[in-house]
Amino acid sequence: MVHAAGQDTAVLRQWVETLEQAAQDTADAALLDWSTRLRDALVGDEPVLACLAGLLAHGPLGTAARSWAHTYRGRLLYHSERDEEALIEFDRALAHDVRNAHAWARRGETHRQAGRYDQAVTDLTAALALDPTHAWTLVARGQAHRQVGHYEQAREDLERAVEADPEDLDITFEKLMLDTVEGGLEACAEQWSRLLAFPVSPPDEVATRFLGLFRVLLLEPEGGVAEATEEFLFANPEHEEITDVLAYLAELAAMGDGIADRARQCRRLIVERASE
């Protein structure tokens, strides 16, 4: 049930319905009580958080399951822009199971998004000690290294991530960002053209929106930055997406070539909109 809650509300709802049916078929009073608790939790504003809280408060969970329940709660809180609450949940997850690589990685990513890069690298390194080839974690640590100018360490992580998942679009983007920040846009223009020339496959609205903005910034100097930024913001991107874009723009704005002014303009427009 904990892992069902960690997927999405629809999957959790299916599991609760299965539990209800089992309770009715067996006339098990304890099972019926549990299915009723979970069904009640599903009707609230935050059904998955409520179900996980119920499981933690009343469920017969072992230490590993409790660790995962806190990890899933932390991930949901993080995506709801409640970073401090998320960190508390990740701390609780690791208190139950210090070998939960996912909790280490998610706590590290939360620190990275907040600009606490040393703490991010520490947590992500702990995650990789438990799961050395996990591509997402390698990319996150590579980002943290790049964002503080540790380009050699960043490249090592990203090359390992490519080995783990050579077709992943996010990894390709991160590696190209590193090449650009380190060597300049002109040296990477052809690679950006290849990456941004074709529609995202399989279709992905977030990636399409994100890459569309960067296509204008990096490859279309005559294109309107204001119009591209407005199109990006019109779709109401989530907090994490905006945070990522602002971080990339800050890196590009620090460069000495023509992209810097366009990146600064785009960043200013996004910050202005976010403060409204």
Side-chain angles (χ1 to χ4, degrees), residues 1-9 11-12 46-53 55-56 59 61-148 153-154 157-158 160-161 164-165 168-171 173-174 204 206-207 210 237-248:
M1 186 66 72
V2 168
H3 290 294
Q7 295 182 54
D8 57 40
T9 305
V11 173
L12 177 59
E46 297 178 322
V48 177
L49 282 172
C51 284
L52 287 168
L55 288 167
L56 285 164
L61 303 180
T63 55
R66 287 186 172 277
S67 180
W68 275 106
H70 284 298
T71 301
Y72 291 138
R73 279 181 56 82
R75 189 177 67 185
L76 287 165
L77 290 164
Y78 167 76
H79 287 302
S80 299
E81 303 179 43
R82 296 156 66 180
D83 292 1
E84 294 306 315
E85 293 175 77
L87 288 171
I88 291 170
E89 292 294 334
F90 295 137
D91 288 346
R92 289 170 176 165
L94 292 167
H96 283 294
D97 184 2
V98 74
R99 296 190 60 79
N100 184 337
H102 195 79
W104 282 113
R106 284 291 174 177
R107 193 173 76 172
E109 176 63 2
T110 305
H111 284 310
R112 188 190 71 79
Q113 290 279 7
R116 296 184 289 267
Y117 299 117
D118 287 345
Q119 290 170 276
V121 168
T122 297
D123 281 356
L124 293 164
T125 299
L128 288 166
L130 297 165
D131 189 357
T133 62
H134 193 272
W136 184 91
T137 309
L138 286 164
V139 169
R141 191 173 70 173
Q143 287 177 291
H145 281 312
R146 190 190 71 235
Q147 287 166 322
V148 293
Q153 294 96 316
D157 280 341
L158 293 172
R160 287 173 58 193
D165 193 350
D168 187 272
L169 179 62
D170 290 338
I171 299 173
F173 180 92
E174 291 299 333
D204 184 314
V206 173
F210 179 89
E238 294 185 359
H239 166 67
E240 184 178 3
E241 187 179 355
I242 289 177
T243 302
D244 274 337
V245 168
L246 289 175
Y248 294 129

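Index from 1, following the sequence.
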Determine the minimum heavy-atom distance between A120 and G108, stating which atoms define it.
CB-O, 3.3 Å
About how many Å separate CG of L52 and CG of L76, when rounded to the nearest 0.5 Å?
7.0 Å
Flag side-chain contact, heavy atom, 4.5 Å: T110 against D83
yes
For the residue pair R99 and S67, establish whether any side-chain heavy-atom pair is separated by less than 4.5 Å.
no
Excluding sequence neighbours, so at least two apart, what forms side chain to side chain contact (heavy atoms under 4.5 Å, CB included) with E240?
Y78, H79, E109, Q113, D244
Rounded at 0.5 Å granularity, tell me how far CG in L138 sits from CG in D131.
8.5 Å
ring-ring contact (aromatic ring centres under 6.0 Å, His included) pairs, two or more places apart, involving residues 108-139
none
Not counting sequence neighbours, which residues clear side chain to side chain contact (heavy atoms under 4.5 Å, CB included) with A247? List them please.
Q147
Is there a side-chain contact between N100 and T71 (heavy atoms, below 4.5 Å)?
yes
Apply side chain to side chain contact (heavy atoms under 4.5 Å, CB included) to L158 and V139, showing your working.
CA-CA 6 Å; L158 293 172; V139 169; 4.3 Å; yes
Any idea which heavy atoms bring H145 and D157 closest together, and the distance?
CD2-OD2, 3.3 Å
For the side chain of R107 and the backbone of L87, is there at least one donor-acceptor N/O pair under 3.5 Å apart?
no
Taken to the nearest 0.5 Å, the spacing of D97 CG from H102 NE2 works out to 13.0 Å
When rounded to the nearest 0.5 Å, the distance separating CG of L77 from CD of E84 is 11.5 Å
What verdict does the side chain to side chain contact (heavy atoms under 4.5 Å, CB included) test give for W104 and V98, after you've listed the backbone C-alpha separation in whole Å, the side-chain angles of each residue and the deciding distance to 0.1 Å?
CA-CA 8 Å; W104 282 113; V98 74; 3.8 Å; yes
Drop me the distance from R75's CZ to E89's CD, to the nearest 0.5 angstrom.
13.0 Å
Between F210 and F173, what is the ring plane arrangement, given parallel below 30°, perpendicular above 60°, and tilted in between?
perpendicular
For L49, does its backbone N or O pair with a side-chain atom of R73 as donor and acceptor, under 3.5 Å?
yes
All heavy atoms of I171 vs all of D168, minimum pair found to be N-OD1, 3.0 Å
In terms of heavy-atom contacts, A135 and A161 come closest through O-CB, 4.1 Å
Write down the atom of A144, the atom of V121, and the distance for their closest heavy-atom approach.
CB-CG2, 3.8 Å
Side-chain heavy atoms of Y72 within contact of R106, under 4.5 Å:
no
Out of curiosity, T243 OG1 to E241 CD, how far, rounded to the nearest 0.5 Å?
10.0 Å
Smallest heavy-atom separation, G74 atom then A86 atom, equals O-CB, 3.3 Å
